[in-house]
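Reminder, nothing fancy here: chain letters follow the sequence lines and each chain counts from 1.
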Amino acid sequence: MSELEKNYRFEDEMKWYKLWEKEGFFRPEVNPDGESYCIVTPPPNVTGSLHMGHALNATLQDILIRWKRMHGYRALWLPGTDHAGIATQNVVERELTGKGIDRHTLGREEFIRKVWQWKGEYGERIINQLKRLGASCDWSRQRFTLDEGLSEAVREVFVRLFQDGLIYRDLRLINWCPRCHTALSDLEVEHEDLEGKLIYIRYPMSDGTGYIVVATTRPETIPGDSAVAVHPEDSRYKDFIGKRIKLPLTRREVPIITDEMVDPKFGTGAVKVTPAHDFNDEAMARRQTPNLPFIPVIAEDGTMIDTAGKKYAGLDRYECRKKVIEDLKELDLIEKEQKHVHSIGHCYRCKTIIEPFSTVQWYVNTKGLAEDAIKAVRDKRIHIIPEGWSNSYYAWMENIRDWCISRQIWWGHQIPVWYCPYCRTEEGQHHGDLIYISFHKSLNVGGDSIQAGTYTELRLRGLAPEDIMKNANTVKIDKSVTPICSRQEPGECPFCGSKELLRDPDVLDTWFSSALWPFSTLGWPENTEDIETFYPTNVLITGFDILFFWVARMIMMGLKFMDDVPFRDVYIHALVRDLKGQKMSKSKGNVIDPLVLIDKYGADAFRFTLTAFAAQGRDIKFSEERVEGYKNFINKLWNASRFINTNIVGEEALPSNGNSWREDLDTPGRWILSRLAKTSDDINTALTEYRFNDAATAIYQFIWHEFCDWYIELSKPVIYNNTNNDALRRTTLKCLLYILESSLRLLHPFMPFVTEEVWQTIPHKGETIMLSPFPHYKERDIEAEEKMSYIMEAG
RNA sequence: GGGCGGAUAGCUCAAUUGGGAGAGCGCAGCCCUUACAAGGCUGAGGUCACAGGUUCGAUCCCUGUUCCGCCUACCA
């Protein structure tokens, strides 16, 4: 037992972490006979570094897992990272661009190799930051969503959903990011109100009887119009219905149609219909008989294509808009322009404005899955805490739309589907004629320069299958081409036996693999002991921002493939904001780096601050002053320990729970034991109900204001033997030590480092505080509490 | 457009069954008392957003209003 220094040195925190990890204390095997308790962590992106949200999230999980572990549970906190398809691809691409390298010149295989290399270099950063925070995860079980095992789970799930008819391909408008060059799901689009212009344009009648005025925010898509629509009941346009107009900037004529969806009160009550670039218009087009034609005018990269008119082809969509407005003005077809605020969708990864785009994509039919997932929450097989979020959950689930899962990027789980170019469709067309490939740059074949073509054409021109796929930039496979879905690469076409198969180039939405996380990480589809022991997991702790992205989908997939919920409780924690309540963001420059705070105040003080702030259902406005305050709290505890340590001078062994020493205590002693019991009870109850802040407040109040301010102060006369009562002196020392040691254990889940440090310097039982029992004392001494309250009030 | 949450001391926030309004920081005053000045003690400071209603009694329950934040939506 060494003399404690006057100030606690939090700088040495990590020496304990290293010991814990080395000794295997984080593994559930330390309590082999305990009841199982499991948390799987929300996997952070490999590209990420620890932000306040992660820190809060990890702190709360660590508190629960340490608490349960001390209660003797076979506690597993399973960590890992997410490959984060689009985000990671963007990061690596940006880095390559900095070196003047385009991923297309590298090719798919080489690019993926680069990403893995990048992951090897930087992927552990956030893991190390979690360790710095004190996270007691079982790192021996750490997983990555692109692991072989997890990839197998992904393939298994895809194939089974496909066989069940719950996965299908379809041609329809999707959210397309022209910068990331991929489809996005509805959730991956962030809407933001932007001020634009509502432009009133005259569309001349074909019969020369005048014109109809339509209001639009997107004049650049006029060449893609298939109609003008009015409300069927709109008397202003009664005589126009069925007539045709001359579409400005083109030579085409389009009809005036009716549709219930048109709002007569908006604009002029007449709206241009552009099925290929607007979701509403797509719906309208499909309601018409025959369907209105889809005329795309914008390319994958957001530039205009030939159908937009020679003059505009190649222009960016927003440059084109300006140009079109100028031209319409020149033609005197603009009646007026009006400022107009409306909500515009942006890519959640790169913030580019999304473009509705007609493509063939893979979808999951979610309706049935969602119904089961709704039931699980309604039947209380899953508890969402705070309960208010369950309303959001129901609202979203009840209106769920099919989930677009294919992404036109390279980093991710490639879809386990192949196509045979030599089979025919039901209509008798060759598949090879329905697969269209364009190359990133022209290929030279026997002096010919080839830029694009159908698969059949490219083969006829002498290109080998490998060359075609390796150099492909975009691959468009018609909806009617029969997919061959398989867990392993099929050696040959099951229909015609051809050995020349094309693999679907798309990868799956990152959230597809995350949805399997609670069971794929435990070893599924193998039937492992971990699955048996730890599924369903006990609680999922996460922010509300991924309630739909992730939580809802885990519930759907868990129910579907494990036939049981993935977790019993979902605890939704707050968002960490800055002092003014603003969301932290790099662009606003208000980001507080958790690592900076940890270096400045220590992980314990930082964790405790987050915990004390973590009231249910309320966002956190983070203030650094609080961290300072809890650093002082640590010092308080440290010095209380110093006081006790110097006075027991090694002569006292740790008194055990039920000893007769208690009977010799004076009123303050009986009182503090009773208060300790109440505090332990309060903390256990609070943690059971996920009231983290109440638990933190309880231990803080007890240690500082009851133990230090009152009991230690009252014990001094006794300790210094002013009372000439040796027996009482010894009992009081016992009591001081007992309370201190119990307090450390109560505090350990919140402040793992300082508690271990102090615990090791005082008499204790066991190897580490993190495996010592968590106090749960129930016996109160009401008489002593009442007596003491008189003393305290007399002050 | 629909839904949800918040408004309590100068600042950041607590208060789970309707009866006593609290903490941290900050502020004022007094204390270097042998664990801790990163501390101790004392104190000031709030018609618990506003207006009604229910009740013996409302920060808490109900209605409406204002302001703020968020989620969601097919606002051309």
Side-chain angles (χ1 to χ4, degrees), chain A residues 4 6-8 173 186-187 190-191 193 196 198-200 214-219 221 225 228-229 259 261-263 265-274 277-284 340-345 356 386 388-396 399 401 544-545 547-548 574-575 577-583 601 605 609 612-647 685-686 689 691 693-694 696-697 700-701 704-705 708-709 712-713 715-716 719-720 736 740 795:
Chain A
L4 296 179
K6 198 166 178 178
N7 294 313
Y8 171 62
L173 287 200
D186 296 323
L187 278 177
E190 288 175 352
H191 291 270
D193 276 350
L198 187 60
I199 300 159
Y200 291 72
V214 303
T216 181
T217 54
R218 300 203 67 188
T221 62
D225 287 359
V228 166
D259 193 285
M261 195 170 63
V262 179
D263 177 4
K265 291 192 286 293
F266 188 91
T268 59
V271 56
K272 74 198 241 348
V273 184
T274 321
H277 292 289
D278 185 283
F279 292 104
N280 293 327
D281 296 359
E282 178 194 31
M284 255 190 244
H340 180 62
V341 177
H342 63 148
S343 161
I344 296 195
W389 288 109
S390 46
N391 283 331
S392 304
Y393 174 83
Y394 295 136
W396 189 72
N399 298 301
R401 283 184 287 175
F544 67 85
D545 48 333
L547 182 60
F548 309 134
L575 198 69
R577 302 172 172 280
D578 74 2
L579 210 48
K580 292 177 208 148
Q582 301 255 338
K583 218 168 175 171
Y601 302 101
T609 310
F613 262 123
Q616 284 186 10
R618 185 162 183 154
D619 282 351
I620 294 172
K621 284 190 224 166
F622 194 87
S623 94
E624 197 173 323
E625 282 178 356
R626 287 284 286 269
V627 194
E628 179 94 41
Y630 292 123
K631 192 181 149 210
N632 295 347
F633 172 59
I634 291 170
N635 206 49
K636 188 78 183 171
L637 173 70
W638 180 258
N639 281 293
S641 318
R642 224 158 56 89
F643 169 74
I644 292 163
N645 242 347
T646 49
N647 281 296
T685 307
E689 296 168 11
R691 289 181 289 109
N693 59 321
D694 289 344
T697 306
Y700 180 93
Q701 288 296 323
W704 197 314
H705 299 300
C708 292
D709 286 352
I712 290 183
E713 290 307 321
S715 76
K716 282 178 182 172
I719 302 289
Y720 299 139
L736 281 167
L740 173 62

Candidates B:rC36, B:rA76, B:rC41 - which lies nearest the side chain of A:Val271: B:rA76

Checking A:Asn645 against A:Arg642: is there a side-chain donor and acceptor pair closer than 3.5 Å? no

Decide side chain to side chain contact (heavy atoms under 4.5 Å, CB included) for A:Arg691 and A:Thr685; before the verdict, give the C-alpha distance in whole Å, the side-chain angles of both, and the deciding distance to 0.1 Å. CA-CA 8 Å; A:Arg691 289 181 289 109; A:Thr685 307; 3.9 Å; yes

In whole angstrom, give the distance that lies between atom CG of A:Asn693 and atom C1' of B:rG22. 14 Å

Could you please name the option among B:rA76, B:rU12, B:rG40 that lies closest to any side-chain atom of A:Asp263? B:rA76

Using the closest heavy atom to pick a nucleotide of RNA chain B for each, name whichever of A:Cys708 or A:Asp694 lands nearer the 5' end. A:Asp694

So which nucleotide from B:rA73, B:rA14, B:rA35 ends up closest to the side chain of A:Arg401? B:rA73

Kindly say whether A:Pro356 contributes a backbone atom to a donor-acceptor pair with the side chain of A:His277 at under 3.5 angstrom? yes

Which value, in whole Å, describes the distance between the P atoms of nucleotides B:rC60 and B:rA15? 15 Å

Taking the side chain of A:Asp193 as heavy atoms from C-beta outward, which of B:rC70, B:rA35, B:rC75 is closest to it? B:rC75

Which of B:rG40, B:rG24, B:rA76 is nearest the side chain of A:His705? It is B:rG24

N or O in side chain of A:Trp389 less than 4.0 angstrom from B:rC70 OP1/OP2: no

Expressed in whole Å, how much space separates the C1' atoms belonging to B:rC48 and B:rU8? 4 Å

Ring-ring centroid check A:Tyr700 A:Tyr630, cutoff 6.0 Å: yes

Measure the distance from CD on A:Glu628 to P on B:rU12 and round it to the nearest whole Å. 18 Å

As a check on the pairing definition, encode RNA chain B in dot-bracket form, counting Watson-Crick and G-U wobble pairs whose two distances are under 3.5 Å, and using | for partners outside this strand. (((((((..((((........)))).(((((.......))))).....(((((.......))))))))))))....

Of all the nucleotides listed (B:rC75, B:rA35, B:rU16), which has the minimum atom distance to the side chain of A:Ser343? B:rC75

Looking for any heavy atom pair under 4.0 Å, which part of the strands does A:Ser392 touch: base, sugar-phosphate only, or nothing? nothing

So, for A:Ile634 and A:Ala605, which heavy atoms are closest and what is the spacing to 0.1 Å? CD1-N, 3.6 Å

With C1' as the reference atom in both, quote the distance from B:rC25 to B:rU66 in angstrom, rounded to an integer. 30 Å

Taking the ring of A:Trp389 and the ring of A:Tyr393, is the distance between their centroids below 6.0 Å? no

Categorize A:Ala640 for me: base, sugar-phosphate, or nothing, with a 4.0 angstrom heavy-atom threshold over every strand shown. base

Remember a base hit wins even if backbone is also touched, and classify A:Tyr700 as base, sugar-phosphate or nothing at under 4.0 Å, heavy atoms. sugar-phosphate

Could you tell me how far B:rG18 sits from B:rG57 if I compare only their C1' atoms? Round to whole Å. 8 Å

Can you tell me if the side-chain N/O atoms of A:His342 get under 4.0 Å from OP1 or OP2 in B:rA76? yes

Would you mind reporting whether A:Met284 and A:Val262 have side-chain heavy atoms less than 4.5 Å apart? yes

Rounded to whole Å, CZ of A:Arg691 lies from P of B:rA15 at a distance of 9 Å

How many Å lie between CG on A:Asn639 and P on B:rA35, as a whole number? 10 Å

Please state how far atom OH in A:Tyr200 lies from atom P in B:rA76, giving the value in whole angstrom units. 12 Å

Whole-Å distance separating the CZ atom of A:Phe266 from the C1' atom of B:rA73: 15 Å

What is the distance from CG of A:Asn635 to P of B:rA37, rounded to the nearest Å? 8 Å

A:His277 near the nucleic acid: base, sugar-phosphate alone, or nothing, with a heavy-atom cut-off under 4.0 Å? nothing

Assign A:Phe279 to base, sugar-phosphate, or nothing according to its heavy-atom contacts below 4.0 angstrom with the strands shown. nothing

Give the rounded distance in Å between these two atoms: CZ of A:Phe548 and C1' of B:rC70. 11 Å

How is A:Ala395 classified with respect to the nucleic acid when contacts are heavy atoms under 4.0 Å: base, sugar-phosphate, or nothing? nothing

Integer angstrom distance from the P of B:rU34 to that of B:rC41: 16 Å

Does A:Gln701 get its side chain close enough to the base of B:rA14, under 3.5 Å, for a donor-acceptor pair? no

Selection from B:rC36, B:rC71, B:rU12 that lies nearest to any side-chain heavy atom of A:Glu713: B:rC36

Nearest non-hydrogen partners of A:Tyr200 and A:Gly267, listed with the distance: OH-CA, 3.7 Å

Would you give the length of the straight line joining atom OH of A:Tyr601 to atom CZ of A:Arg626, rounded to the nearest 0.5 angstrom? 13.5 Å

Side chain A:Lys716 and base B:rA35 donor-acceptor under 3.5 Å: yes

Of the candidates B:rA38, B:rC36, B:rA76, the side chain of A:Asn632 sits closest to B:rA38

Nearest heavy-atom approach of A:Ala215 to A:Thr268 is N-OG1, 4.1 Å

Regarding A:Val262, tell me which of base, sugar-phosphate or nothing describes its non-hydrogen contacts under 4.0 Å with the strands shown. base

